[in-house]
Chemist: 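Okay, here's the structure, questions in a sec.
Start at 1 with the first residue, then count along the sequence. Both counts, for ligands and for their atoms, begin at 1 and track the order of listing. Keep in mind that what you see is a predicted model, and the values were worked out from it rather than measured.
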Amino acid sequence: MSIFRFPFFKNKSSKKHAIENKDMINDAYVLPEHVAIIMDGNGRWAKKRGLPRFAGHKEGMDNVKNIVRVANKHHIKVLTLYAFSTENWKRPKSEVEYLLKLPIEFIHTYLPELIKENVQIRTIGAFDMLPEHTKKAVQSAKDKTRENDGLILNIALNYGSRYEIIQAIQLIAKDIENDQLDVEELDESVFSNYLFTSELKDPDLIIRTSGEKRLSNFLLWQAAYSEFWFTEVYWPDFNEAVFEQALVDYQNRKRRFGGV
Ligand code: FPP
């Protein structure tokens, strides 16, 4: 499978080439800058193999590293991964504990490689409500990769979009009350600045694995103009070829953002 890479992305000389071939400029061939993934199907992957759900989550955690490598290869700027939602607390205690230990294991196993690959780790979500050991490991990984300017690996951890929107409204109300913000100034761009994703562009492409076709409280505001891509493949099996299929399909979409 070949991904058409618009020359602009390659180097200075190809940038010149791109400018000389203005008629080639076509958004349909641009790769997404921000890809967000709902990593679903770990449990079913495990069940199919007669394994406990934990085994599926562990395999899914290892797959994160594979997909980071592919995202890096295609110069994607931001990869947001839905690792733990505000609704995931409803799962059995043992599964919740396991899911919240996975970021620690991920960092322990892969941080040296991620640093070598110039990846910057960030998170979105209600960070303070996470267990101390999870916070400590993740905060340390964020600190150690802060200066990296390659791919941003943005892990949605204890993230829920409705919670994010409510907390934005609370912050806005406080700023208005304290004369830090004039109510007339409030527009979409100002509102976006109060979200966890304030420093990131909206996702260009949202992928969900495992055949489910819903957002599940993920990036509701930010997804206003995202392209969606669904696959039956369970997250642990979501490999380079499947990811590249999503990228090729994205390249063939026409994004009009409400225009013509
Ligand atoms: C949904 O599958 C998946 C999750 C709730 C957890 C996703 C987490 C990972 C893939 C690992 C996290 C990695 C890092 C780096 C923190 P499910 O359990 O709902 O699957 P099912 O619908 O088949 O039961």
Chemist: Not counting sequence neighbours, which residues clear side chain to side chain donor-acceptor pair (under 3.5 Å) with R49? List them please.
Modeler: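 Side chain to side chain donor-acceptor pair (under 3.5 Å) check on R49 returns nothing, list empty.
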Chemist: Using a threshold of 4.0 angstrom between heavy atoms of the protein and any atom of ligand 1, which residues qualify?
Modeler: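 The answer is M39, D40, G41, N42, G43, R44, R53, H57, G60, M61, V64, A83, N88, R91, L99, L102, P103, F106, W235, counting any residue whose heavy atom sits under 4.0 Å from ligand 1.
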Chemist: Check this for me, if you would: do E240 and K73 make a salt bridge, where the nitrogen-to-carboxylate-oxygen distance has to be below 4.0 angstrom?
Modeler: yes
Chemist: Going by the rule side chain to side chain donor-acceptor pair (under 3.5 Å), which residues pair with S85 if we only count those two or more places apart in sequence or in a different chain?
Modeler: N88
Chemist: So that I can tick it off, tell me whether E95 and K90 are bridged by a salt bridge, with the cut-off set at under 4.0 angstrom between side-chain N and carboxylate O.
Modeler: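 Salt bridge: no.
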Chemist: Going by the side-chain hydrogen bond (donor to acceptor under 3.5 Å, both in side chains) test, which pairs reach into residues 170-184, not counting sequence neighbours?
Modeler: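 Checked against side-chain hydrogen bond (donor to acceptor under 3.5 Å, both in side chains) - neighbours excluded - the pairs reaching residues 170-184 are D175-Y194.
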Chemist: Evaluate the criterion side-chain contact (heavy atoms from CB on, under 4.5 Å) for residue pair K58 and Y98; output intermediate values, then yes/no.
Modeler: CA-CA 9 Å; K58 164 75 171 70; Y98 189 79; 3.3 Å; yes
